[in-house]
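Structure first, then comments.
All values derive from a computational prediction rather than experimental measurement.
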Amino acid sequence: MNVWIAIGMTVLGCYAVKLAGLLVPAGALERPLVKRLAALLPVALLAALTAQQTFADGRTPVLDARAAGLAAAAVALLLRAPFLLVVAAAVVVTAGVRAMGAG
């Protein structure tokens with residue numbers, strides 16, 4: 001497939017999705033179930049992206065230093081640490097595990 005055809009198809013697809021969102025009646029968006037799903041969807045997508053980036057290398061599941069960093073971030077979150085400290089803990093643990101040659 002030509003790259004420009006793929007780009008054009010992507011542009012049309014994005015426009016169609018945006019247009020479909022604008023055509024949804026306002027009353028449908030005010031329903032409690034829709035509001036709850038809209039609030040939870042970003043969290044689910046972020047969790048899926050985090051899992052995919054942590055436990056996969058593109059072809060197979062892996063368990064390496066990234067998993068240790070994610071575990072450190074989870075512990076920091078359980079301890080109610082500020083967000084920057086959570087990120088710092090994940091970075092330090094991941095770098096430490098990689099420096100030890102385990103990941």
Side-chain angles (χ1 to χ4, degrees):
M1 176 182 278
N2 189 342
V3 172
W4 289 107
I5 293 174
I7 291 172
M9 298 287 286
T10 303
V11 167
L12 291 175
C14 289
Y15 184 77
V17 168
K18 187 76 164 177
L19 183 62
L22 292 173
L23 295 176
V24 173
L29 299 176
E30 295 300 321
R31 294 181 180 156
L33 178 63
V34 174
K35 284 185 175 184
R36 181 157 169 78
L37 287 175
L40 295 176
L41 188 61
V43 175
L45 289 174
L46 184 58
L49 178 62
T50 301
Q52 192 276 331
Q53 291 292 315
T54 301
F55 300 111
D57 69 352
R59 290 178 299 259
T60 59
V62 294
L63 191 60
D64 59 7
R66 296 175 293 179
L70 184 62
V75 169
L77 281 172
L78 287 174
L79 296 174
R80 301 203 183 272
F83 181 71
L84 287 177
L85 194 59
V86 171
V87 173
V91 168
V92 168
V93 169
T94 302
V97 170
R98 286 184 177 164
M100 291 187 304

Examine distances only and state if a side-chain atom of Arg98 and a backbone atom of Ala65 form a donor-acceptor pair shorter than 3.5 Å.
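Absent.
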Step by step, work out the side chain to side chain contact (heavy atoms under 4.5 Å, CB included) result for Val87 and Phe83.
CA-CA 6 Å; Val87 173; Phe83 181 71; 3.7 Å; yes
Among Thr50, Leu70, Thr60, which residue meets the side-chain contact (heavy atoms from CB on, under 4.5 Å) test with Phe55?
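Single pass found, and it is Leu70.
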Shortest non-hydrogen contact from [X] toward [Y]:
X	Y	result
Ala76	Val86	CB-CG2, 3.8 Å
Leu63	Ala67	CD1-CB, 3.5 Å
Ala90	Thr94	O-OG1, 2.7 Å
Ala68	Val97	CB-CG2, 3.9 Å

Quick one: CG on Leu45 to CG on Leu40, what's the gap to the nearest 0.5 Å?
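If I round to the nearest 0.5 Å, the distance is 11.0 Å.
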Measure the CD-CG distance between Gln52 and Asp57 for me, rounded to the nearest 0.5 Å.
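Answer rounded to 0.5 Å: 9.5 Å.
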Leu49-Val43 co-clustered via ILVMFWY side chain contacts under 4.5 Å:
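No; tracing contacts between hydrophobic side chains, which count when under 4.5 Å, never links both residues.
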